[in-house]
Amino acid sequence: MSEVNIQVAVRIRPLLPKELLRHHCECVKVIPGSAQVTVNPDRLFTFDHAFGPSASQDEVYRACIQPMVRSLLDGYNATVFCYGETGSGKTYTISGGGQDDEGGIIEHVARDVFGYLDEKLKSNEIDVATVHVSYLELYMEEVRDLLDLPTNQKGLNVRDDINGNTVVVGARESAVNSAEELLSLVEMSSAARQTCTTRMNDKSSRSHTVLTILINQQCNNDSNTLCSSKFCLVDLAGSERVKKTGNTGKHFKESIHINTDLLAVGNVIRALSDRALNFCGKTRKSTFIPFRDAKITRLLRDSLGGTSHTLMMTCVNPSSNSLAETLNVLYFASKARHIRNHPAKQPIHTDPKYNQKLARARISELENEVKLLKEEAAALLAKISSPSPSFKQELQDWQERLTTINHQHPEDGADFSLSALKLKDELNKCKEALTLKEQQKQQKDAENCLLKRQLQILLEENKTYLQGSGEERKCSHLEVRRMNTDTE
Ligand SMILES: Nc1ncnc2c1ncn2[C@@H]1O[C@H](COP(=O)(O)OP(=O)(O)OP(=O)(O)O)[C@@H](O)[C@H]1O
């Protein structure tokens with residue numbers, strides 16, 4: 001299987017009118033005629049593509065996305081994901097908008113997919129073609145279906161299928177017959193996306209979105225060849241510093257979730273990049289890739305280090321006010337360039353022996369994971385030195401539940417995967433319970449310490465009062481008795 005590196009493009013947006021009014025300076029520039037970017041005063045980064053503030057939507061699409069649509073129609077999966085600070089132009093690049101209304105990547109991809117399919121049908125290269133779309137939103141670690149607005153508030157489950165692919169259970173896949181139909185469906189559904197106004201962006205996305213265009217092509221030849229491929233267009237929420245956005249309350253909580261997810265994406269990129277570099281030095285060692293740390297990284301599994309052609313579109317705000325964030329984003333983008341994918345046409349297997357073999361491999365992988373999780377649980381339990389009897393009972397219950405899950409060893413890999421997921425969920429609950437109990441214990445200790453100190457002072461005072469009047473003595477004794485009861 002051939003290897004290709006993830007392609008990384010950088011797009012620097014122009015300074016916005018409000019930034020020009022406040023006299024912001026540009027601190028990042030593209031070196032003309034190259035794919036290099038300089039950041040003041042002396043940092044240089046090299047990418048596969050670099051676009052300055054004057055680049056049009058069409059120019060960006062033609063240079064780096066159009067070739068991916070061609071290989072999509074040849075049966076390869078493709079992914080574009082936009083990454084960058086809040087307000088850096090991710091949604092503009094992927095969905096379009098703004099005053100020029102040139103149309104973003106989604107619009108260009110939709111038109112080309114139907115255009116190329118038409119060409120293939122007319123030239124009898126294929127006999128049948130179908131296009132479906134799914135549109136998901138990840139909001140505060142919950143997967144919501146943007147195509148199913150009535151039940152959109154309900155979180156969907158994410159799990160691995162028998163081939164180890166991540167699937168979202170119950171996600172709607174709508175059939176579309178033209179680019180216009182696809183675009184109006186996306187436009188309507190996007191209205192339900194979580195957004196808010198922050199100091200950094202008038203319409204800031206509070207969630208990640210994953211739009212998937214699924215294509216099936218069929219030739220009615222002797223073997224009825226079927227070819228299936230998908231294009232994932234991912235708009236990640238932007239990294240943000242709470243101090244700069246001024247977010248509070250609900251939006252503050254959203255910021256924490258966004259930053260945690262982006263940290264998980266960063267950790268996956270770092271681990272995959274390290275694995276690729278180790279391999280170059282001929283000292284290949286197995287590196288753990290933490291895909292399971294967040295739902296967004298699970299959904300990006302095939303795009304990062306998998307079988308897809310992937311482009312990371314890194315969006316950058318040129319203002320010197322964003323210098324630290326820009327350097328951070330460019331640093332991660334350079335790391336991502338090391339990641340190797342293994343693009344392959346998606347095989348459609350009907351051989352039961354092949355599927356059994358895959359299931360066995362998957363089960364042993366999951367068994368390993370369960371073992372690691374159990375060790376993690378044991379370490380956590382050992383951390384609590386003197387639990388109360390009720391807490392001890394609670395921990396014992398957790399342990400029993402973990403053992404039960406491990407003993408349920410279904411034949412089918414998909415069910416086993418579900419068990420491993422339940423285990424992870426329960427472990428997280430266990431961790432939360434432990435943290436809460438530890439916090440309560442610490443709080444109680446601090447309160448007790450304070451009360452003991454007050455008691456000591458009262459005892460001292462009591463000694464003095466004993467030499468005073470009878471009335472004063474009575475009060476002091478009562479006070480000491482009350483403090484004693486409180487401490488108990
Ligand atoms: N290349 C560009 N040309 C002109 N205007 C742009 C460009 N890129 C972004 N903008 C404008 O910048 C503002 C912020 O862009 P956008 O909302 O796409 O940022 P974002 O990275 O998606 O932010 P968030 O992560 O907060 O959702 C918008 O007003 C958008 O119209």
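Read the numbers this way: they start at 1 and go in the same order the structure lists the ligands and their atoms. Since we're looking at a predicted model, the values are computed, not measured.
- Residue contact annotation: Ser88 has a non-hydrogen atom under 4.0 Å from ligand 1.
- Interface of Lys90 with ligand 1, defined as ligand atoms under 4.0 Å from a residue heavy atom, comprises 18 (O), 19 (O), 20 (P), 21 (O), 22 (O), 23 (O), 24 (P), 25 (O).
- At a 3.5 angstrom cut-off on N or O pairs, Leu16 does not count as close to ligand 1.
- Using cut-offs of 30° and 60° for the angle between ring planes, the Phe45 and Phe47 rings count as parallel.
- Under the 4.0 Å criterion applied to side-chain N and carboxylate O atoms, Arg111 and Glu180 are assigned as salt-bridge partners.
- Of all the heavy atoms of Arg11, the ones lying under 4.0 Å from any atom of ligand 1 belong exclusively to the side chain.
- Taking every heavy atom of Ser205 and a limit of under 4.0 angstrom, the matching atoms of ligand 1 come to 24 (P), 26 (O), 27 (O).
- Side-chain contact between Leu146 and Ser190: absent, with no pair of heavy atoms (C-beta onward) separated by less than 4.5 Å.
- Within the 4.0 Å heavy-atom cutoff, Cys315 does not count among the residues contacting ligand 1.
- Interface of Glu85 with ligand 1, defined as ligand atoms under 4.0 Å from a residue heavy atom, comprises 21 (O).
- Annotation: Asp235 places no N or O atom under 3.5 Å from an N or O atom of ligand 1; distance criterion only.
- Using a 4.0 Å cut-off between a side-chain N of Lys or Arg and a carboxylate O of Asp or Glu, Arg70 and Asp74 do not qualify as a salt bridge.
- Checked by distance only, ligand 1 and Gly89 come closer than 3.5 Å through their nitrogen or oxygen atoms.
- Heavy atoms of Arg206 come nearer than 4.0 angstrom to ligand 1 in no pair at all.
- Among Phe51, Tyr92, Tyr83, the residue whose heavy atom lies closest to atom 2 (C) of ligand 1 is Tyr92.
- One finds no salt bridge joining Arg206 and Glu137 here, because no Lys/Arg side-chain nitrogen approaches an Asp/Glu carboxylate oxygen to under 4.0 Å.
- A salt bridge is defined here as a Lys NZ or Arg NE, NH1 or NH2 lying under 4.0 Å from an Asp or Glu carboxylate O, and Asp235 with Lys90 fails to meet this definition.
- Of the residues Val8, Asp274, Leu330, the one that meets the side chain to side chain contact (heavy atoms under 4.5 Å, CB included) test with Lys335 is Asp274.
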field: Residue pair Asp112, Gln66: steps toward the side-chain hydrogen bond (donor to acceptor under 3.5 Å, both in side chains) verdict
entry: CA-CA 8 Å; Asp112 271 356; Gln66 201 168 39; 2.9 Å; yes
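- In this structure, the separation between CG on Leu262 and CG on Asn328 is 10.5 Å, given to the nearest 0.5 Å.
- The contact set between ligand 1 and Gly238, taken as ligand atoms under 4.0 Å from a residue heavy atom, comprises 25 (O).
- Taking every non-hydrogen atom of Pro14 and a distance limit under 4.0 Å, the qualifying atoms of ligand 1 come out as 1 (N), 2 (C), 3 (N), 4 (C).
- Annotation: Gly87 places an N or O atom under 3.5 Å from an N or O atom of ligand 1; distance criterion only.
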